[in-house]
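No experiment lies behind these values; they were computed from the predicted model shown.
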Protein chains: 2
Amino acid sequence: MKRNTWQREAVRDALGRTEGFVSAQALHASLRGTGSEVGLATVYRALADLAHEGEADSLVQEGESLYRACTPGSHHHHLICRNCGTAVEISADPVEAWARQVAAEHGFTEPNHVVDVFGLCPECSAAASAR
Amino acid sequence: MKRNTWQREAVRDALGRTEGFVSAQALHASLRGTGSEVGLATVYRALADLAHEGEADSLVQEGESLYRACTPGSHHHHLICRNCGTAVEISADPVEAWARQVAAEHGFTEPNHVVDVFGLCPECSAAASAR
DNA sequence: GAGCGCCGTGAGAATGGTTCTCGGTAGGAT
DNA sequence: ATCCTACCGAGAACCATTCTCACGGCGCTC
Ligand SMILES: [Mn+2]
Ligand SMILES: [Mn+2]
Ligand SMILES: [Zn+2]
Ligand SMILES: [Zn+2]
């Protein structure tokens with residue numbers, strides 16, 4: 001039986017309040033900044049659990065795991081800003097079908113896929129061209 | 001001016017001889033096993049260079065960077081066995097177009113994408129169902 | 001509400017892949 | 001052959017993540 005602790009709730013809330021993907025360390029720093037006394041290990045544990053239960057999406061960028069709040073039960077992918085982490089949820093139905101087909105064609109079973117699109121969001125694009 | 005050292009050549013050869021993706025550590029162990037005295041740091045440097053120059057593909061799995069020899073100049077993706085690392089190069093033209101389009105639709109510039117398909121290769125599938 | 005069992009927590013240590021440091025070595029232009 | 005300097009290697013440093021373990025509080029029972 002899973003327990004309800006203020007720590008888990010704080011992590012869930014902070015993640016929901018965050019725009020785009022964040023690292024465990026950044027989320028921990030943010031929580032500490034607001035006076036919360038959650039431990040770093042707890043933030044890692046909570047984020048891993050949330051991701052495992054489908055309440056958060058995760059991706060790895062430059063050796064760091066990044067997380068984002070996510071409505072559970074929906075398989076989707078992300079369009080992510082390389083500069084600020086802002087993310088847009090996108091559906092990729094044609095890609096889903098393509099992935100299944102290409103796996104089957106080569107006799108691979110239990111197919112999986114990793115599909116992420118990166119770029120510079122409108123704001124960061126504007127900032128980059130202004131510079 | 002880039003120098004030709006036997007170490008770089010040894011790494012390039014070992015990578016070319018390897019089926020599927022390998023980690024820097026595994027490649028280093030393999031080289032040491034054949035009597036070569038390359039250093040671990042050199043293997044890391046050589047693999048990073050090869051990947052940067054397009055002579056190798058890389059992906060990150062469970063916190064480890066994996067590399068594979070690759071014909072330069074061709075953008076493609078991989079179908080990778082989760083169990084043994086065997087990889088098949090696949091073209092993903094429909095996905096390329098989809099990625100560009102989805103980025104443009106949301107005003108994202110300089111689009112990039114990460115597309116990997118994982119599964120169990122025929123051999124590992126057979127082994128898994130036999131068990 | 002009080003007692004109890006035991007899961008979750010947190011500080012710090014450990015881990016492990018990767019990168020850095022720096023004295024030494026060797027590629028290659030002249 | 002000489003010189004300049006990029007490259008090498010061993011080990012230390014780095015750093016995100018995980019582990020350890022004593023402690024505290026959540027939730028079930030009465
Ligand atoms: Mn998908
Ligand atoms: Mn592509
Ligand atoms: Zn941005
Ligand atoms: Zn396999």
Side-chain angles (χ1 to χ4, degrees), chain A residues 1-15 18 20-53 55-68 80 82 84-85 114 116, chain B residues 1-15 18 20-53 55-68 80 82 84-85 114 116:
Chain A
M1 60 296 297
K2 173 156 297 185
R3 293 185 183 174
N4 277 338
T5 63
W6 64 265
Q7 289 96 336
R8 301 236 172 201
E9 200 52 39
V11 169
R12 201 197 310 270
D13 283 2
L15 192 64
T18 306
F21 282 82
V22 270
S23 68
Q25 309 241 13
L27 204 63
H28 177 244
S30 154
L31 282 163
R32 284 300 181 100
T34 69
S36 172
E37 304 228 321
V38 241
L40 178 57
T42 299
V43 174
Y44 273 103
R45 284 187 284 240
L47 286 175
D49 285 355
L50 288 174
H52 191 260
E53 294 159 14
E55 288 191 59
D57 281 312
S58 69
L59 64 91
V60 179
Q61 198 176 22
E62 292 169 29
E64 225 182 3
S65 281
L66 304 181
Y67 296 88
R68 177 179 206 226
I80 304 145
R82 268 195 300 273
C84 68
V114 175
D116 290 305
Chain B
M1 63 291 298
K2 169 156 299 184
R3 292 181 183 174
N4 278 337
T5 64
W6 64 265
Q7 289 96 336
R8 299 231 176 209
E9 201 51 40
V11 169
R12 201 197 311 271
D13 283 2
L15 192 64
T18 305
F21 282 81
V22 269
S23 67
Q25 310 243 11
L27 203 65
H28 177 243
S30 154
L31 282 163
R32 284 300 182 100
T34 69
S36 172
E37 305 228 320
V38 245
L40 177 58
T42 300
V43 174
Y44 273 103
R45 284 187 284 241
L47 287 175
D49 285 355
L50 289 173
H52 191 259
E53 293 159 15
E55 289 191 59
D57 281 311
S58 69
L59 63 90
V60 180
Q61 200 177 18
E62 292 170 28
E64 226 181 3
S65 281
L66 303 180
Y67 296 88
R68 176 178 208 228
I80 305 145
R82 268 195 300 272
C84 68
V114 175
D116 290 307

Distance check: side-chain N/O of Thr42(B) vs OP1/OP2 of dG9(D), anything under 4.0 Å?
yes
Whole angstrom value for the distance that separates C1' of dT17(D) from CG of Leu66(A)
14 Å
Has Gln7(B) got a side-chain N or O lying under 4.0 Å from the OP1 or OP2 atom of dG9(D)?
yes
Please determine whether a side-chain nitrogen or oxygen atom of Thr5(B) lies at a distance below 4.0 Å from atom OP1 or OP2 of dA6(D).
no
Any side-chain N or O of Tyr44(B) under 4.0 Å from OP1/OP2 of dT19(C)?
no
For atom CD of Glu64(A) and atom P of dG16(C), their distance in whole Å:
21 Å
Side-chain touch Leu59(A)/Phe21(A), heavy atoms, less than 4.5 angstrom
yes
Atom CG of Asp49(A) and atom C1' of dC7(C) are separated, to the nearest Å, by 12 Å
Assess whether a salt bridge exists between Glu55(A) and Arg68(A), defined as any Lys/Arg side-chain N lying under 4.0 Å from an Asp/Glu carboxylate O.
no
Indicate yes or no: at least one non-hydrogen side-chain atom of Asp49(A) is less than 4.5 angstrom from one of Glu53(A).
yes
Between CZ of Arg32(B) and P of dC8(D) the distance, given in whole Å, is 14 Å
Under-3.5 Å donor-acceptor pair between Arg3(B) side chain and dC7(D) base
no
Spacing of Leu47(B) atom CG relative to dG17(C) atom P, expressed in whole Å
15 Å
Output the rounded distance in Å from CG (Leu31(B)) to P (dC8(D)).
13 Å
Consecutive-pair stems (3 or more, Watson-Crick or G-U, under 3.5 Å) for DNA chain C
C:1-30 with D:1-30
With a 4.0 Å cut-off on heavy atoms, is Arg45(B) in touch with a base, just the backbone sugar-phosphate, or nothing at all?
base
Does any non-hydrogen side-chain atom of Val43(A) lie less than 4.5 Å from one of Leu31(A)?
yes
Closest heavy-atom contact between Leu15(A) and Ala56(A)?
CD2-CB, 3.9 Å
In whole Å, I'd like the distance from the CD atom of Glu9(B) to the P atom of dC8(D).
12 Å
Within the structure shown, what part of the strands sits under 4.0 Å from Gln25(B) by heavy-atom distance: base, sugar-phosphate, or nothing?
base
Starting at the 5' end of DNA chain C and moving along, which residue's nearest nucleotide shows up first, His28(A) or Trp6(B)?
His28(A)
Given DNA chain C, 5'-ward residue of the pair Leu40(A) and Ala41(B), judged by closest heavy atom
Leu40(A)
In short, Val38(A) meets His28(A) closest at the heavy-atom pair O-NE2, 3.1 Å
Interatomic distance where NZ belongs to Lys2(B) and C1' belongs to dG27(C) [whole Å]
14 Å
For a quick check of understanding: with a heavy-atom distance under 4.0 Å over all strands, which category does Ser65(A) fall into, base, sugar-phosphate or nothing?
sugar-phosphate
Trp6(B) vs Ser36(B), test: side chain to side chain contact (heavy atoms under 4.5 Å, CB included). Steps then yes/no.
CA-CA 10 Å; Trp6(B) 64 265; Ser36(B) 172; 3.7 Å; yes
Relative to the 5' end of DNA chain D, which residue comes earlier, Ser23(A) or Arg8(B), by the nucleotide with the nearest heavy atom?
Arg8(B)
Sidechain N-carboxylate O distance under 4.0 Å for Glu62(B), Arg82(B)
no
